[in-house]
Number of protein chains: 2
Amino acid sequence: MKTKESKIPEATIKRLSTYINCLERLQVEKHPVISSEMLGEYCQVSPAQIRKDLSYFGEFGVRGVGYDTKKLEAEIKEILGLNYNWPTTVVGVGKLGLALLNFTLFSQHGFSITAAFDNEPGKIGTELAGGIIIQPTSAIEDTVRDRGILIGVITTPADAAQKVADQLVAGGIQGLLNFAPTKVKVPEEITLRNVSITSELDNLAYLMTQKKKTRRR
Amino acid sequence: MKTKESKIPEATIKRLSTYINCLERLQVEKHPVISSEMLGEYCQVSPAQIRKDLSYFGEFGVRGVGYDTKKLEAEIKEILGLNYNWPTTVVGVGKLGLALLNFTLFSQHGFSITAAFDNEPGKIGTELAGGIIIQPTSAIEDTVRDRGILIGVITTPADAAQKVADQLVAGGIQGLLNFAPTKVKVPEEITLRNVSITSELDNLAYLMTQKKKTRRR
DNA sequence: GTGACAATGTGATAATCATCACACAGTCGT
DNA sequence: ACGACTGTGTGATGATTATCACATTGTCAC
Ligand SMILES: NC(=O)c1ccc[n+]([C@@H]2O[C@H](COP(=O)([O-])OP(=O)(O)OC[C@H]3O[C@@H](n4cnc5c(N)ncnc54)[C@H](O)[C@@H]3O)[C@@H](O)[C@H]2O)c1
Ligand SMILES: NC(=O)c1ccc[n+]([C@@H]2O[C@H](COP(=O)([O-])OP(=O)(O)OC[C@H]3O[C@@H](n4cnc5c(N)ncnc54)[C@H](O)[C@@H]3O)[C@@H](O)[C@H]2O)c1
């Protein structure tokens, strides 16, 4: 029990990401400096929580004054590793995949999508905005390796997710973001995150149902 | 401190949603019954966690045997309120909005999208697959009220999110799912969830950076 | 019927995370 | 130069959530 340091709550990381968004907006609105109190207003987090979150990584504010919005944004990006360039690929160029491929704001966070794959003959060879050409899934392994792609985003139907994940891993991918509603299995050393949009809606439905119930009594 | 009952962890609700997915797959694969151990395998949750999650709501298993996949799925859907029909609308028919509008699996969870809005003249009046006609945002309030729409999904750019939220609320919406990277403010009684795809990627980048660091030492 | 067995349901325990409260550091006006 | 003031950084405290361990209960073979 010597190598501590990674005692950082998962929830803290999530919040850091939202701080970035707020700080970007604050700069646009010409606020060079902000207190944890105000920042808390903006992103709906308690001031104490913000200070605690940041304190895990160092001291970024000036006592009696607050935080330099521009500097703090840069610091958080550094913490999250967003100053690095992350070559990324999307597998499954369907409705969701296309939305991600055309989403320009990812580049601001250091993600550059440099390849796309699908298995539908009609789609293969199509050129997307940005000059990316859809490749067949058979090319996943080689392309990932050759271009040093580090992050793979899976937007295929659920039954294809595991196969695609295996191919990405074979090519040497290091991180996977899976949108398919199934948990894929990957080796220990691969970082994996599942995101489920449906479960967000489910959650909403639950909260609404609860609220309705309490209102009734 | 009498009215307890809603002591259910947020994380539990999230997991319930993933259990549904697994249970659906298990039925397709002809497993009529499953143990918490096996279900844990499938959705990467510890068996004890699954049992605890379910125990908040009742007893759904048979000791010595396990859970009836079909029944359990129905029970969880009941718990989450997914057996109810939730009239839903999407505001901002861009790339992401379109993906959601065309996503057929939502209906299986009780969500039926019955209206769509945008403010771009070129899009207004367009008929989408499913027969939904894109309406101008000026019609939000009336349409939401007239059709009794309960859930609003916001997929506009960030700077339009608050305005759109206000309009939905004015129409009597009860729940909001916000995809724009800004926190909107709504009255207490409205249920609100923000979902940030970018923050999922940020999170992935952080985890990968950490892993790289520990590997180095 | 009855006993061996298998997997649930749950109180107790441990770990994680958020909140609080305040000492302390930096700024600014005079 | 100094004192009043403001807002940070953080140990202590409290709340929430996950894990453990096992007593309990229904099943099934004989
Ligand atoms: N709103 C949404 O669109 C939404 C919401 C929640 C979850 N999801 C999930 O995201 C995934 C994609 O959803 P979508 O709406 O874009 O579906 P889609 O059908 O529009 O797109 C799927 C794409 O994957 C391709 N594909 C199929 N099998 C493949 C394979 N073996 N290898 C490579 N490509 C393959 C198809 O050709 C298609 O282009 C699904 O798993 C879905 O459940 C989508
Ligand atoms: N992959 C993604 O597409 C992605 C990922 C993460 C977050 N987001 C967020 O989701 C939102 C939508 O993203 P997108 O890629 O679909 O953008 P988009 O530009 O394709 O779509 C936005 C749509 O909203 C409409 N719109 C603009 N102002 C409006 C208003 N006042 N009222 C109603 N409609 C209005 C536009 O006409 C357009 O159709 C954005 O806030 C974006 O940051 C998208």
Side-chain angles (χ1 to χ4, degrees), chain A residues 1 3-19 22-23 26 31-69 71-73 75-76 79 203 206-207 210, chain B residues 1 3-19 22-23 26 31-69 71-73 75-76 79 203 206-207 210:
Chain A
M1 196 141 288
T3 38
K4 279 290 196 75
E5 193 228 38
S6 20
K7 285 296 322 146
I8 286 109
E10 158 103 14
T12 290
I13 304 302
K14 274 221 188 81
R15 283 188 297 266
L16 288 182
S17 185
T18 81
Y19 300 159
C22 292
L23 289 167
L26 284 165
H31 285 103
V33 72
I34 191 159
S35 66
S36 60
E37 174 109 23
M38 285 290 281
L39 183 55
E41 277 286 310
Y42 260 68
C43 44
Q44 319 211 25
V45 174
S46 79
Q49 183 72 78
I50 292 179
R51 297 202 297 276
K52 175 66 89 175
D53 284 343
L54 295 175
S55 79
Y56 288 122
F57 302 97
E59 307 195 357
F60 307 109
V62 180
R63 294 181 184 220
V65 177
Y67 302 91
D68 180 311
T69 50
K71 261 198 198 148
L72 185 56
E73 186 199 338
E75 292 280 10
I76 296 179
I79 290 166
N203 222 306
Y206 171 75
L207 294 172
Q210 278 320 94
Chain B
M1 196 140 291
T3 37
K4 279 289 195 74
E5 192 231 39
S6 22
K7 286 295 321 144
I8 286 108
E10 158 104 13
T12 290
I13 305 301
K14 273 221 187 80
R15 282 189 297 266
L16 287 182
S17 184
T18 80
Y19 299 159
C22 292
L23 289 167
L26 283 165
H31 286 101
V33 72
I34 192 160
S35 66
S36 60
E37 174 109 26
M38 285 290 282
L39 183 56
E41 276 286 309
Y42 260 68
C43 44
Q44 318 212 25
V45 174
S46 79
Q49 183 71 77
I50 292 178
R51 296 201 298 275
K52 176 65 91 176
D53 284 343
L54 296 175
S55 79
Y56 288 122
F57 302 97
E59 307 195 357
F60 306 108
V62 179
R63 294 180 184 220
V65 177
Y67 302 91
D68 181 312
T69 50
K71 261 198 197 147
L72 185 57
E73 186 198 338
E75 292 280 11
I76 296 179
I79 292 165
N203 221 304
Y206 171 74
L207 294 172
Q210 279 318 95

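What you see below is based on every heavy atom in this structure, not just the backbone, and it leaves out hydrogens, waters and symmetry mates. Because the structure is predicted, anything quoted here is derived from the model rather than measured. So you know, we letter chains A, B, ... as the sequences are listed, proteins then strands, and number each from 1.
Between the CZ atom of A/Phe60 and the P atom of D/dT10 there is a distance of 11 Å, rounded to whole Å. Here C/dA21 presents its P atom at 12 Å from CZ of A/Arg51, a figure rounded to the nearest Å. At whole-Å resolution of the value, NZ in B/Lys14 and P in D/dT17 are 11 Å apart. Going from atom CG of B/Asp53 over to atom P of C/dT10 covers 13 Å, rounded to whole Å. A/Ile13 places its CD1 atom 10 Å from the P atom of C/dC17, with the value rounded to the nearest Å. The nearest whole Å value for the distance from the CD atom in A/Glu59 to the P atom in D/dT10 is 5 Å. Atom NZ of A/Lys52 and atom C1' of C/dT16 are 12 Å apart (whole Å). With rounding to whole Å, A/Ile50 atom CD1 is found 13 Å from C/dA18 atom P.
Across all non-hydrogen atoms, the minimal contact from B/Asp68 to B/Lys71 is OD1-N, 3.0 Å.
Proximity of A/Tyr67 to the phosphate of D/dG9: a side-chain N or O atom is located under 4.0 Å from OP1 or OP2. Between A/Ser36 and the phosphate of D/dT8, there is a side-chain N or O to OP1/OP2 separation shorter than 4.0 Å. Residue A/Ser35 places no side-chain N or O under 4.0 Å from the OP1 or OP2 atom of D/dG7.
In A/Glu37, the CD atom is not crowded: 12 or fewer heavy atoms of neighbouring residues, nucleotides or ligands sit closer than 6.0 Å.
Evaluation of atom-type donor-acceptor distances gives no pair under 3.5 Å for the side chain of B/Arg63 against the base of D/dT25.
Contact annotation: the side chain of A/Tyr67 never approaches that of A/Leu23 to less than 4.5 Å [non-hydrogen atoms, C-beta and beyond]. Within the 4.5 Å cutoff, side-chain heavy atoms of B/Tyr19 are placed close to those of B/Ile50.
The side chain of B/Gln49 lies closest to D/dT19 when the candidates are D/dT19, C/dA18, C/dG9.
Annotation: of the two residues near DNA chain C, A/Arg15 and A/Val62, the 5′-most nearest-nucleotide partner is A/Arg15. Comparing B/Ser46 and A/Ser55 against DNA chain D, the residue whose closest nucleotide sits nearer the 5' end is A/Ser55. When each of A/Val65 and A/Tyr56 is assigned the nucleotide of DNA chain C with its nearest heavy atom, A/Tyr56 is the one assigned upstream, toward the 5' end.
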